[in-house]
Amino acid sequence: MKPAHFSLTLVGKSLMFCAALMIVFGAFLDVSALGRRQLHCAAGGKILDESGNTVTLKGFGLGDWLMTEGYMWGITSKSYDAPREMEAGIINLVGDSATAKQFWKLYHDNYTTVKDFCAMKAWGCNAVRVGFNSNLIQPRDGQPATPPYIYDPEGWRLMDSVVAWATENQLWVIWDMHGAPGGQSADNIADADGTARLWTQPTIYQPRAIDLWMKIVNRYANNDWIIGYNLLNEPLLNTYGLDRALLRSFYMQLTDSIRTVDTKGLLFIDGDNYAQNFTDLTPPWDPQIVYDFHCYPPCCSYFGLDAFATQYGTPFWHGETGESGATDPYTSYTSCVTQLEAHNPPIGWSWWTIKKFNNVTQPWDVIRTPGFQTIINYWNNGGTKPVADSAKKWLLDVAVRTNSDSSANVTFLPNLVKSLKLDQTAKCVVPALPYRQSLKPMGLALAQHLIPNSEVVISFTLSNSAPVRISVFDLGGRLQKTLVSQPMAAGKQFVSWNRTDLSGKKVASGVYLYTFASGDFNVAHHFVLP
């Protein structure tokens, strides 16, 4: 039995605030999915689910969101192609850090939303590789020499959004440290300053990287949709004359730390030389290792990983490919996926990436506005610097227009999705939220309206009397409270939660899931408590 409508209302004890938010549920999540067990590696290079079925991980990498890359914006100048350079360039344009912070807030809240996760699920994906810059959570500047290190709550808010959206849409998450503290290479794609300081200054930056991974693991390990950790993206050592054994040693340190908390998570291991050389990374030092190889354009050698699967039984995974062809990449994409599927066992993949500016090699193409193009032209070619007020206007405008609901500025390329042999028949309805209405993702937008110590009130309308069960879970799938489990009369009903858990203690601030079940109707959604 489906309620005629379902809404979440947050009410202050003094009734100072009372506003209902109508929700169109886009993710149907069976309550039994909470607490799902982890995937695991098995003999013959396989990844198996809890029932012993072979799993082929396939989906997209989230690039240019939690770690920006200049080329995805259309930047060709080497002076603005690393995240730190893009950040500095924006401050220089608008004249103050507060406006720059406002831009990044808008950009992060619009570039990737629940709509993108819902779309991936509808296409037939089962996993998402989430590239993030360490600076997003653990700021690169102002850190002490030793722990405790400084962390940014805004970074955690965005990571929490990923967990909520993935849980709603039943997508497995692989965290990808795309930019490690100090830089795992000297390249712009590692957000380095020209030196791979993770290797040249290990006593400073390696403890920071270990601490960051431990913060992530402690925060999310209990959510079983978080299946693994891509410990470093595309490290470089031999290029700089460094011993590749340093990479294995650091991976083992990270593994030892992670295993004190999460004994089951998959560890995705990139080889040296942009994840193409796995010398010194065998034998595997942990039973849950998956070797992650990258290659451009699609598709190329497995870099000897077949031998590893035969000798050690270690799975391997194509964590990055794509970016092929200026006008018609689709033929090579289909050929690559066909090759990966024909392998025994089939090789999973994560296509790079889901969205870029003025490019047809990914599903979403963001069209540069004229003002944003003026900024890109200035960065690429020099010349007259845009006036600060104009630059501010153009940047704030384009940040909002990166939202996938921006029909005027974001184009969906269905033939590209089709070229990856993905299923496009699944239904997926996302929250009906106009992209200009809110600067935050659905659900998280409520956080700014919450009053401290407020109650959560869930209102719904039943067409007929029926049994109703409403429960609240944390992101790890742990039951916090069952609010109601009994027959309820037809008509509008209200159920409240006073923010206490099963023991009667107040729960902490953060993201929570509530589930609503009535007959064969099961839904789940998330909300934020301040």
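Here the structure is a predicted model, which is why all the values come from computation and not from measurement.
Shortest non-hydrogen contact noted between V261 and A221 is CG1-CB, 4.4 Å. Of all heavy-atom pairs between S257 and T260, the closest is O-OG1, 2.5 Å.
Other residues, nucleotides and ligands contribute at most 12 non-hydrogen atoms within 6.0 Å of the CG atom of D389.
When ring centroids are compared, W285 and F250 stay outside the 6.0 Å threshold. Side-chain rings of F372 and W73 approach one another, their centers coming within less than 6.0 Å. Annotation: Y107 is not in aromatic contact with W65 [ring centroid separation under 6.0 Å not met]. Ring-centre distance between H318 and F293: below the 6.0 Å cut-off.
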F278 vs Y291, ring pair (Phe, Tyr, Trp, His ring centres under 6.0 Å): CA-CA, chis, key distance, verdict: CA-CA 8 Å; F278 292 84; Y291 290 115; 5.7 Å; yes

Salt bridge (Lys or Arg N to Asp or Glu O under 4.0 Å) assessment of R157 paired with D109: CA-CA 10 Å; R157 182 184 72 84; D109 284 343; 2.7 Å; yes

Stepwise salt bridge (Lys or Arg N to Asp or Glu O under 4.0 Å) test for K393 and D397: CA-CA 6 Å; K393 176 182 176 181; D397 176 62; over 6 Å; no

Candidate pair Q143 and Y149, rule side chain to side chain donor-acceptor pair (under 3.5 Å), full reasoning: CA-CA 6 Å; Q143 291 290 345; Y149 299 112; over 6 Å; no

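Residues V217 and W175 have side chains not in contact (no heavy-atom distance under 4.5 Å, counting atoms from C-beta outward).
For Y111 and D116, the side-chain atoms include no donor-acceptor pair closer than 3.5 Å. Side-chain atoms of H294 and E234 form a donor-acceptor pair, as typed in the model, at a separation below 3.5 Å.
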Tell me which donor-acceptor pairs under 3.5 Å the side chains of residues 308-317 have, and how far apart each pair is, sequence neighbours excluded?
residue, atom, partner, partner atom, Å
T310, OG1, D306, O, 3.1

Return a table of donor-acceptor pairs under 3.5 angstrom between the side chains of residues 82-90 and protein atoms on other chains or two or more places apart.
residue, atom, partner, partner atom, Å
R84, NE, D191, O, 3.1
R84, NH2, D191, O, 2.9
E85, OE1, D81, N, 3.1
E85, OE1, A82, N, 3.0
E87, OE1, R140, NH1, 3.0
E87, OE1, R140, NH2, 3.4
E87, OE2, R140, NH2, 3.4

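With respect to Y229, the ring-ring contact (aromatic ring centres under 6.0 Å, His included) criterion is satisfied by exactly one of W213, Y251, F268: W213.
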